[in-house]
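Because the structure is predicted, anything quoted here is derived from the model rather than measured.
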There are 2 protein chains.
Amino acid sequence: MRADARRNRDQVIAAATAVIAEEGPDASLNEIARRAGVGPGTLYRHFPTRRELIAAVFRERVETLCAGADRLAAASPPGEALTAWMRAMLKHVLTDRGLATAMMDIGPVAGFDCHALLRSTAGRLLTAAQAAGAVRPDLQVEELFQLITGIAHATPDLPHATRLLSLTLEGLHAPH
Amino acid sequence: MRADARRNRDQVIAAATAVIAEEGPDASLNEIARRAGVGPGTLYRHFPTRRELIAAVFRERVETLCAGADRLAAASPPGEALTAWMRAMLKHVLTDRGLATAMMDIGPVAGFDCHALLRSTAGRLLTAAQAAGAVRPDLQVEELFQLITGIAHATPDLPHATRLLSLTLEGLHAPH
DNA sequence: GTGCAAACGGAGAAGTTCTCCGTATTATAG
DNA sequence: CTATAATACGGAGAACTTCTCCGTTTGCAC
């Protein structure tokens, strides 16, 4: 890869990170290119679709989130590790508006599959929690994600979202 | 209101219903105007914002949904009436992509507040269910909506969404 | 009928995404 | 160190969007 190409690519990702943080994942690609100091053509050559750009931006964040899972699994009993990780994921998802949508909507892209990485990470935690009898055995990983991203979509407020997650974990029916 | 104005207004709503059903709530307003056989200016005069147009489109549906609540309340015990209505709402919300977003995002508009109508309807069912001890007493109406619309956002498939709702009702933890 | 208030609709301004292609830059071979 | 070929650049512009303005047409009350 040529030096100027690499440099431009990095500048576009940096600009995209900033602009998406400000305006969400629907931010204008022209604006991102302008801030990166490149022409629109350059942006589109490096990232033919918006999805690929978003995937590049979020790659680092997702990897951080998944790395945390191992620490949690080592430090807590399986059931608690899972719920703690779900809360962590919820927090990450809320940090940038649209991360949730991005993660669920974006398929495998350019040699990095956010979704698959998250799924295998969550899958390990879930299986362990189920083996320990802490979580209902018929629960699927996909369902976990869908509930979390659904909650994240419903409110931007972290305490509020955490409350919704608790409700979901415990159920809406009255305890008796 | 002049006859031609009324006629055009109705045609725009009819066209919007069709186009939104096909393309979701982000459908092009130009396309809606074209199909209604009016100019863009006419559409914008009747509905200055997209929100007002969407509110008009969904008004009828929401009223139908809320009317069903009374029938349910009369026919079933409070707890079952609530869960049945939640399933009905989920179904309605899934029927048109974006109804969920529309209902939650759109505030009071043009003398009709989708959100308030839904809230008071659901509030009645919820209070009754709580009084009967079927639902946890700390649950808020808003939370109910947020969970439902979150689920609807997570998947367009009704059986799948219904399963997520069941999970939420019963909780993710293992029964023991 | 006739007049005027009201509504119409299209042109167009300003924004978007995305493409094409002539120009400029870079790496490399001699 | 220079010449060349491959590569990347970036701006112009096409096709779309939302939304506004205003000259023209229409319906209704008198």
Summary of salt bridge (Lys or Arg N to Asp or Glu O under 4.0 Å) pairs that have at least one residue in residues 3-20 of chain B, sequence neighbours excluded: R2(B)-D4(B), R6(B)-D10(B)
Only counting residues at least two apart or in another chain, list the ones meeting salt bridge (charged side-chain N to carboxylate O under 4.0 Å, His left out) with R163(B). D138(A), E143(A)
d(CG, N8(B); C1', dT25(D)) in whole Å: 13 Å
What residues 27-37 of chain B contributes to the DNA chain D interface at heavy-atom separation below 4.0 Å is A27(B), S28(B), L29(B), N30(B)
T121(B) meets the side chain to side chain contact (heavy atoms under 4.5 Å, CB included) criterion, sequence neighbours left out, with C66(B), A69(B), W85(B), L117(B), R124(B)
Under 3.5 Å donor-acceptor, S76(B) side chain and A73(B) backbone: no
For P25(B), is there any backbone N or O sitting under 3.5 Å from a side-chain donor or acceptor partner on R50(B)? yes
Considering every strand and a 4.0 Å limit on heavy-atom distances, what is the contact class for P48(B): base, sugar-phosphate, or nothing? nothing
Looking at T162(A) and L158(A), would you say the former's side chain and the latter's main chain have a donor-acceptor pair under 3.5 Å? yes
Think H46(A) has a side-chain N or O under 4.0 angstrom from the OP1 or OP2 of dC9(D)? yes
Classify the angle between the aromatic ring planes of H153(A) and H153(B) as parallel (below 30°), tilted (30 to 60°) or perpendicular (above 60°). parallel
Atom-pair distance (CZ on F47(A); C1' on dG10(D)), nearest Å: 17 Å
Any side-chain donor paired with an acceptor under 3.5 Å for H160(A) and Q146(B)? yes
Using modelled atom types and a 3.5 Å cut-off, is there a donor and acceptor pairing between side-chain atoms of Q130(B) and backbone atoms of V135(B)? no
Closest non-hydrogen atoms of A56(A) and I13(A), given as atom of the first, atom of the second and distance, are CB-CD1, 3.9 Å
Can you tell me the distance, in whole Å, between the CZ atom of R45(B) and the C1' atom of dC22(D)? 11 Å
Where does the chain A footprint on DNA chain C start and end, counting 5' to 3' with a 4.0 Å heavy-atom cut-off? dT16(C) to dA27(C)
Using atom names, set out every protein N or O paired with an N or O of nucleotides 26-30 of chain D below 3.5 Å, distance rounded to 0.1 Å.
from: dT26(D); atom 1: O2; to: R2(B); atom 2: NH1; distance (Å): 3.2
from: dT26(D); atom 1: O2; to: R2(B); atom 2: NH2; distance (Å): 3.2
from: dC28(D); atom 1: OP1; to: A3(B); atom 2: N; distance (Å): 3.4

Here the distance between atom C1' of dC9(D) and atom CZ of R6(A), to the nearest Å, is 17 Å
Sub-3.5 Å donor-acceptor pair from the side chain of E52(A) to the main-chain atoms of H46(A), do we have one? no
Atom CZ of R50(B) to atom P of dT17(D): distance rounded to whole Å? 11 Å
